[in-house]
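What follows is one structure encoded as structure tokens, with my remarks underneath.
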Amino acid sequence: MIDVALLRDNPEALADSLRRRFLDIDVPSLASLDEERRRVRVAAEDLRAEQRRRGKEIATLSGDEKQEAIAAVARIANDYKDKLVAADALDAEFEAEWVKMPNPAHASAPVGHTDEDNIEIERIGEPVAPDFEVLDHLAIGEALDIIDAERGAKVSGSRFAYLKGAAVLYEFALVRWGLDVLSGHGFTPVAPPILVREDALFGTGFLPGARDQVYAVGVADGEGGFESDGLYLAGTAEIPLAGLHMDEILEEADLPRRYVGFSTCFRREAGTYGKDTRGIFRVHQFDKLEMFAYVTPDQSWDEHEYLLEREREIVDALEIPYRIVNVCTGDLGDPAAKKYDIEAWFPGQNAYREITSCSNTTDFQARRLRIRYRDEQGDNRLVHTLNGTAIAVGRTLIALLENHQQADGSVLIPAALQPYLGTDRIGP
RNA sequence: GGAGGGAUCGCAUAGUCUGGCCUAGUGCGCACGCCUGGAAAGCGUGUAGACGGUGUAAGUCGUCUCGAGGGUUCGAAUCCCUCUCCCUCCGCCA
């Protein structure tokens, strides 16, 4: 959610922000709705003030005088209730529109419609062209008997897979290494709840927009009936990490406050039928290490670069060629003002594909979650929140397998991970 | 799943039975001041948030919030209903 002051003080800037995201929202009519709701609210509050003032006098009266006063105040109370209902209805009408308002994109975010309009800002490492036939991760994984997508589908359906043997050890080596790297930078490791309430989902901006991407939890009666528990499977640790400080006022001295959360992530992947169907590139369930930072508004743009640096540090150590893209306005998502994706080179697809994503959501999430800090003057101000992928285990494994495969079918392990895995290669 | 007890202004508590004197009292903590060579003690003052009106501003005025939402009433921390969370016990359980 964004600041209504933008609508009142600078509607042109708001309209411009919407144009940059190719959204057609009628700003003037929203502005007049806002004025109307405040006008009715003030009228209701004035009636309420009079009711309270005269209601207090009743206790001092008696007899006919008291009865007359009660009748008079009852009329005011009725008027107030009518006005209150009207004011509440207008508020609800306005809020329903306002929560859909995306975060204005940062000036440096490129204007564009789809991920094809993202701007590459740097390319690191050279894809090597090996002198043998390159296999994709599923072929490698099946040959080594460490990825089993077929049995995953048997038990759970499409977009599920088993990791086995060395792939599992590799996953936990990556996770442990990632935690060591980031706690070395002062990030606090967190194992958060992955079932979250609707509030937390709304607060991070996943609702009301992306309801069809989220699994709901409840009791199924086996005959198609379903009773919701009001809980949802988080698609990323970003959600419980953002919710961690909801309704809190932090001390400025404690900022930036950085966390690295480990969680399994669940995604329905609605609308992706037929896309990335092979292997474990796009699955309903994967594990991820996610960075999350709470900062002051002054710190947030530096922090965005800082989180990107942490991602680079990690991908560099994995010895994988990659590029960094500045995500365009059409591909940003409502909460983010700016987003960097790191796209690793995937020899099996002969393409760069996303393995991390790093967003500055400025005060968009903080306003919905009511996360503030007390500044030097003692005023409470909204924090800025940022998130960035540290290690998305599934896709990182793919990149590692495909980039480090050898002619003999084995896969080399980058030096940084060898101590964690206890070997320098997987396979023959 | 069953039975019971709770949730009050940072913390602890009073207030709820019996609606208006609650503009929510008190203690602790915290901040500032007085006192002191300095400190402690003592004394004094202050000590939530949100929204909105007004004002260049400091400010000032109003409304809302006693876990959340609804209801009764001229009037609700207090009475009624629903929900959430916490605690104790029983059952089940990794």
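Below, read A as the first sequence line, B as the second, and so on, with proteins coming before strands; counting in each chain starts at 1.
- Remark: C1' of rA50(B) and CG of Asp91(A) are 13 Å apart, rounded to the nearest angstrom.
- Looking only at side-chain heavy atoms (C-beta outward), Thr423(A) and Gln418(A) stay at 4.5 Å or farther from each other.
- Looking at Asp254(A) and Tyr294(A), their side chains never bring a donor and an acceptor atom within 3.5 Å of each other.
- The base-pairing partner of rC66(B), taking Watson-Crick or G-U wobble contacts with both distances under 3.5 Å, does not exist among the strands shown.
- Taking side-chain N and O atoms only, Arg52(A) has a distance below 4.0 Å to OP1 or OP2 of rC64(B).
- Of the candidates rG20(B), rC85(B), rG52(B), the closest approach to any side-chain atom of Ile58(A) belongs to rG20(B).
- Mapping Ala69(A) and Glu50(A) onto RNA chain B via the closest heavy atom, the residue that lands nearer the 5' end is Glu50(A).
- Figure legend. rU36(B) is base-paired to no nucleotide; pairs are counted as Watson-Crick or G-U wobble with both atom distances under 3.5 Å.
- Proximity of a side-chain donor or acceptor of Glu311(A) to a complementary backbone N or O of Thr389(A) within less than 3.5 Å is detected.
- Across the protein-nucleic acid pair, Lys83(A) atom NZ and rG53(B) atom P stand 17 Å apart, rounded to whole Å.
- Picking from rG52(B), rG62(B), rC74(B) the nucleotide with the shortest atom distance to the side chain of Ala49(A) gives rG62(B).
- Between Trp301(A) and His384(A), the distance from one ring center to the other does not fall under 6.0 angstrom.
- For Glu45(A) against rG52(B), a side-chain-to-base donor-acceptor contact under 3.5 Å is absent.
- To the nearest whole angstrom, the two C1' atoms, one in rG70(B) and one in rG2(B), are 28 Å apart.
- The listed nucleotides are rG49(B), rG20(B), rG52(B); the one nearest the side chain of Ala59(A) is rG20(B).
- The phosphate of rC74(B) has neither OP1 nor OP2 within less than 4.0 Å of any side-chain N or O from Arg75(A).
- Two residues, Ala74(A) and Tyr80(A), neighbour RNA chain B, and the one matched to the more 5' nucleotide by heavy-atom proximity is Tyr80(A).
- Atom P of rA41(B) sits at a distance of 43 Å from the matching atom of rG5(B), rounded to the whole Å.
- Among the protein residues, Arg53(A) comes within range of no part of the nucleic acid, since none of its heavy atoms lies under 4.0 Å from any strand.
- Pair assignment for rU13(B): rG25(B), on the basis of Watson-Crick or G-U wobble contacts that are both within less than 3.5 Å.
- Both the sub-6.0 Å distance and the 45° axial angle are satisfied by Arg395(A) relative to the ring of Phe281(A).
- Checking the phosphate oxygens (OP1, OP2) of rA50(B), a side-chain nitrogen or oxygen of Arg372(A) falls inside 4.0 Å.
- Atom C1' of nucleotide rA50(B) and atom CD of Glu95(A) are separated by 13 Å, given to the nearest angstrom.
- To the nearest angstrom, C1' of rA50(B) lies 14 Å from CZ of Arg374(A).
- The side chain of Lys81(A) lies closest to rG75(B) when the candidates are rG75(B), rG49(B), rG20(B).
- Comparing the P positions of rA14(B) and rG27(B) gives an interatomic distance of 15 Å, to the nearest angstrom.
- One finds no side-chain N or O of Arg367(A) lying less than 4.0 angstrom from the OP1 or OP2 phosphate oxygen of rA50(B).
- Checking Arg425(A) against Ser410(A) by side-chain atom types alone, a donor-acceptor pair falls below 3.5 Å.
- In this structure, Asn387(A) contributes its side chain and Glu238(A) its backbone to no donor-acceptor pair below 3.5 Å.
- Both cation-pi conditions hold for Arg310(A) and Tyr306(A): the charged atom is under 6.0 angstrom from the six-membered ring centre and inside a 45 degree cone around its axis.
- Among the atoms of the strands shown, none is found under 4.0 Å from any heavy atom of Arg39(A).
- Base pairing analysis places rC85(B) opposite rG6(B); the two distances defining the Watson-Crick or G-U wobble pair are each below 3.5 Å.
- As rounded to the nearest Å, rA48(B) and rA31(B) have P atoms that lie 16 Å from one another.
- The Ile249(A) side chain lies nearest to rG49(B) when the options are rG49(B), rG20(B), rG52(B).
- Using atom C1' as the reference point in both rC90(B) and rC30(B), the two lie 45 Å apart (nearest Å).
- Between Arg48(A) and rG62(B), a side-chain N or O to OP1/OP2 separation shorter than 4.0 Å is absent.
- Across all strands shown, rA58(B) forms no Watson-Crick or G-U wobble pair with both distances under 3.5 Å.
- In this structure, Asn380(A) reaches the sugar-phosphate backbone alone: every heavy-atom distance under 4.0 Å involves primed, P, OP1 or OP2 atoms, never a base.
- Figure legend. rA31(B) is base-paired to rU45(B); pairs are counted as Watson-Crick or G-U wobble with both atom distances under 3.5 Å.
- Taking only side-chain nitrogens and oxygens, Arg41(A) never comes nearer than 4.0 Å to OP1 or OP2 of rC51(B).
- Under the Watson-Crick and G-U wobble criteria, each requiring two contacts below 3.5 Å, nucleotide rG75(B) is left unpaired.
- Regarding Asp46(A), its CG atom lies at a distance of 12 Å from the P atom of rC64(B), rounded to whole Å.
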